[in-house]
Asks: 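Quick one: structure below, then a few questions.
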Amino acid sequence: MNNPKQSCLSKELSFLSYALISLKVLIYLAYSKMQYSQFLKTTLSISLFIMATNRIMAISDSICLKNKIIPSLIISEVRTALLHYPELDGVAIEFKFKPSLKKSFMKAQPKFSSLFMSKNKRTYLILISETFKIDGLQLHIKDIPKNVMIGWLGHELGHIMDYHRRNNLNLIFFGLKYLISSNYIREAERVADTYAIKHSMKHYILATKKFILNHSSLSEKYKARIRRLYLSPDEILLLIKEQEAN
């Protein structure tokens with residue numbers, strides 16, 4: 001059986017090999033002719049080499065799983081969340097750590113390079129801050145309770161369910177409205193929560209809400225924003241009852 005990390009790295013290594021060959025050729029040309037245009041090409045090739053190296057370093061700590069790239073640190077939580085979304089089995093998603101994200105702990109978005117491809121070829125990113133950092137509270141990702149992490153992931157996968165039903169033009173307009181309208185943010189976040197609840201993630205979503213709303217180190221201003229934009233625990237329980245009644 002192939003090592004999953006090896007399959008994850010194969011495309012990256014091919015790109016690195018190409019960058020290395022280009023680097024050698026262009027350095028030779030620049031050295032022999034010392035032309036300005038060749039120097040620019042050499043500089044570009046070096047940049048490509050550095051980008052490829054950084055990409056490989058990041059992905060070497062990840063595991064490939066059915067079109068998914070998942071950091072090994074959260075592989076268990078991601079697998080649990082994905083089990084609730086069988087519709088996303090064939091959808092390419094990369095879960096990627098970032099040093100920090102403004103105003104959020106996680107963020108789901110389509111990869112820009114795939115926005116103009118057919119829906120079936122579209123790929124998505126779930127960006128995850130390595131540290132939950134709000135109002136002076138700092139928690140490393142490994143210190144966040146497992147069920148809370150699964151709930152967060154389930155919410156972001158709900159966003160991807162929403163994105164994936166849209167055509168490309170609709171998705172672009174969605175992004176623009178999300179940037180300029182707080183009412184639209186509220187609608188989009190509640191749609192993501194609703195997807196998660198309908199996919200039997202209600203207990204995880206509740207755990208995430210309670211983690212935020214009951215945390216003594218978080219300000220009332222931040223909690224008020226969460227209450228305004230997301231489903232409240234009471235609304236989640238009401239939605240659960242409606243589902244059970246149907």
Side-chain angles (χ1 to χ4, degrees), residues 81 84-85 87-88 91 93-112 114-115 119 122-137 139 141 144 148-199 201-202 204-215 217-240 242-243:
H84 291 269
Y85 289 93
E87 305 96 321
L88 297 178
V91 178
I93 306 172
E94 180 179 356
F95 299 79
K96 186 176 181 180
F97 285 142
K98 298 284 285 185
S100 64
L101 295 172
K102 290 182 179 179
K103 296 184 180 180
S104 62
F105 177 58
M106 287 190 200
K107 182 167 63 174
Q109 61 188 48
K111 285 190 177 180
F112 182 79
S114 71
L115 267 179
K119 186 191 297 186
R122 197 184 294 156
T123 59
Y124 301 92
L125 276 173
I126 292 182
L127 301 174
I128 306 165
S129 180
E130 292 176 336
T131 305
F132 178 70
K133 197 182 296 184
I134 300 287
D135 289 344
L137 172 66
L139 285 176
I141 192 168
I144 294 174
V148 172
M149 177 64 65
I150 294 169
W152 243 311
L153 290 163
H155 173 84
E156 297 307 324
L157 290 172
H159 277 303
I160 290 179
M161 287 288 295
D162 183 27
Y163 300 160
H164 204 59
R165 70 182 175 85
R166 301 172 184 270
N167 62 41
N168 292 344
L169 187 60
N170 182 280
L171 188 55
I172 290 169
F173 279 121
F174 167 89
L176 292 173
K177 287 186 283 187
Y178 191 93
L179 287 173
I180 62 176
S181 170
S182 58
N183 287 334
Y184 201 75
I185 292 173
R186 184 175 186 271
E187 180 184 340
E189 297 301 341
R190 289 173 174 240
V191 166
D193 271 344
T194 302
Y195 267 115
I197 293 163
K198 288 182 176 179
H199 283 75
M201 296 200 74
K202 50 186 177 285
Y204 296 115
I205 295 295
L206 276 171
T208 304
K209 304 294 179 189
K210 290 177 180 178
F211 174 80
I212 294 171
L213 296 176
N214 297 339
H215 207 294
S217 298
L218 293 173
S219 70
E220 282 305 314
K221 182 180 178 182
Y222 177 74
K223 291 177 183 179
R225 179 177 179 272
I226 296 300
R227 292 188 189 100
R228 186 177 73 254
L229 296 178
Y230 300 81
L231 290 175
S232 69
D234 287 343
E235 288 172 311
I236 291 171
L237 290 171
L238 183 61
L239 188 56
I240 292 168
E242 289 175 358
Q243 284 184 306

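Residue indices begin at 1 and follow the sequence shown.
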Asks: How many angstroms lie between atom CD1 of I236 and atom NZ of K210, to the nearest 0.5 angstrom?
Replies: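 If I round to the nearest 0.5 Å, the distance is 9.0 Å.
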
Asks: Identify whether the distance between the nearest side-chain nitrogen and carboxylate oxygen of R227 and E220 falls below 4.0 Å.
Replies: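 Answer for the salt bridge query: yes.
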
Asks: Which residues pass the side chain to side chain contact (heavy atoms under 4.5 Å, CB included) test with K98, not counting sequence neighbours?
Replies: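 In terms of side chain to side chain contact (heavy atoms under 4.5 Å, CB included), with neighbours along the sequence ignored, K98 is linked to L101, L127.
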
Asks: Whether the side chain of R122 engages the backbone of Y163 through a donor-acceptor N/O pair (distance < 3.5 Å, no angle test) should be reported.
Replies: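 Flag set: sc R122 to bb Y163 pair under 3.5 Å.
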
Asks: Just say parallel, tilted or perpendicular for the rings of Y124 and H164, cut-offs at 30° and 60°.
Replies: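 Y124 vs H164 ring planes: perpendicular.
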
Asks: How many angstroms lie between NZ in K119 and CG in N170, if you round to the nearest 0.5 Å?
Replies: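 Answer rounded to 0.5 Å: 9.0 Å.
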
Asks: Has T208 got a side-chain atom pairing as donor or acceptor with V148's backbone, closer than 3.5 angstrom?
Replies: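 Yes; judged by distance alone, with no hydrogens or angles, the pair exists.
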
Asks: Considering non-hydrogen atoms only, spot the tightest contact between A196 and G154 and give its length.
Replies: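 Reported closest heavy-atom pair: CB-O, 3.8 Å.
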
Asks: Which atom pair, heavy atoms only, marks the closest approach of L229 to S182?
Replies: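 Distance-wise, the nearest heavy atoms are CD2-O, 4.0 Å.
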
Asks: Quick one: does M106's side chain get under 4.5 Å of M149's, heavy atoms only?
Replies: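 Result yes, sub-4.5 Å side-chain heavy-atom pair found.
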
Asks: Report yes if the side chains of K202 and L239 come closer than 4.5 Å at any heavy-atom pair, otherwise no.
Replies: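 In short, these two side chains do not touch, never coming nearer than 4.5 Å.
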
Asks: With a 4.5 Å limit on heavy-atom distance, are the side chains of Y230 and I212 in contact?
Replies: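 Of all side-chain heavy-atom pairs linking I212 with Y230, none is under 4.5 Å.
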
Asks: Taking atom CD of E189 and atom CD1 of I226, what is their separation to the nearest 0.5 Å?
Replies: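 Reported to 0.5 Å precision, the distance equals 8.5 Å.
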
Asks: Check whether any side-chain heavy atom of H199 sits under 4.5 Å from a side-chain heavy atom of L157, and report yes or no.
Replies: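 When only atoms from C-beta onward are counted, L157 and H199 do not touch, as no gap falls below 4.5 Å.
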
Asks: If every non-hydrogen atom of R190 is compared with every non-hydrogen atom of E235, which pair is closest and at what distance?
Replies: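 Distance-wise, the nearest heavy atoms are NH1-OE2, 3.0 Å.
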
Asks: Could you tell me if Q109 and H159 have a donor-acceptor pair between their side chains, going purely by distance under 3.5 Å?
Replies: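 No, no side-chain donor-acceptor contact under 3.5 Å.
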
Asks: What heavy-atom pair brings G151 and I205 nearest, and what distance separates the two atoms?
Replies: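 In terms of heavy atoms, the two residues are closest at O-CD1, 3.4 Å.
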
Asks: Atom CZ of residue position F173 - does it have more than 12 heavy atoms of other residues, nucleotides or ligands inside 6.0 Å?
Replies: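 No, because the 6.0 Å sphere around CZ of F173 holds 12 heavy atoms or fewer from other groups.
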
Asks: What distance separates E87 CD from I160 CD1, expressed to the nearest 0.5 Å?
Replies: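 Taking CD in E87 and CD1 in I160, the distance rounds to 12.5 Å.
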
Asks: Assert yes or no for the condition that the ring centre distance of Y85 to Y195 is strictly below 6.0 Å.
Replies: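 Distance test on ring centres: not under 6.0 Å, no.
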
Asks: So, for K223 and N214, which heavy atoms are closest and what is the spacing to 0.1 Å?
Replies: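 Smallest interatomic distance, heavy atoms only, reads NZ-C, 4.2 Å.
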
Asks: Would you confirm whether T123, through its side chain, and K111, through its main-chain N or O, come within 3.5 Å as a donor-acceptor pair?
Replies: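 No, T123 side chain to K111 backbone: no donor-acceptor pair under 3.5 Å.
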
Asks: Any chance you could measure I128, atom CD1, to I141, atom CD1, to the nearest 0.5 Å?
Replies: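 Atom-to-atom, I128:CD1 and I141:CD1 are 5.5 Å apart.
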
Asks: Measure the shortest side-chain to side-chain distance between W152 and I126 over non-hydrogen atoms and say whether it is less than 4.5 angstrom.
Replies: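 Contact flag for W152/I126 side chains = no.
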
Asks: Specify the closest pair of heavy atoms between S129 and P99, including all atoms of both residues, with the distance to one decimal.
Replies: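 The answer is OG-O, 3.7 Å.
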
Asks: Can you tell me how far CG of L171 sits from CZ of F174, rounded to the nearest 0.5 angstrom?
Replies: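 It comes to 7.5 Å.
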
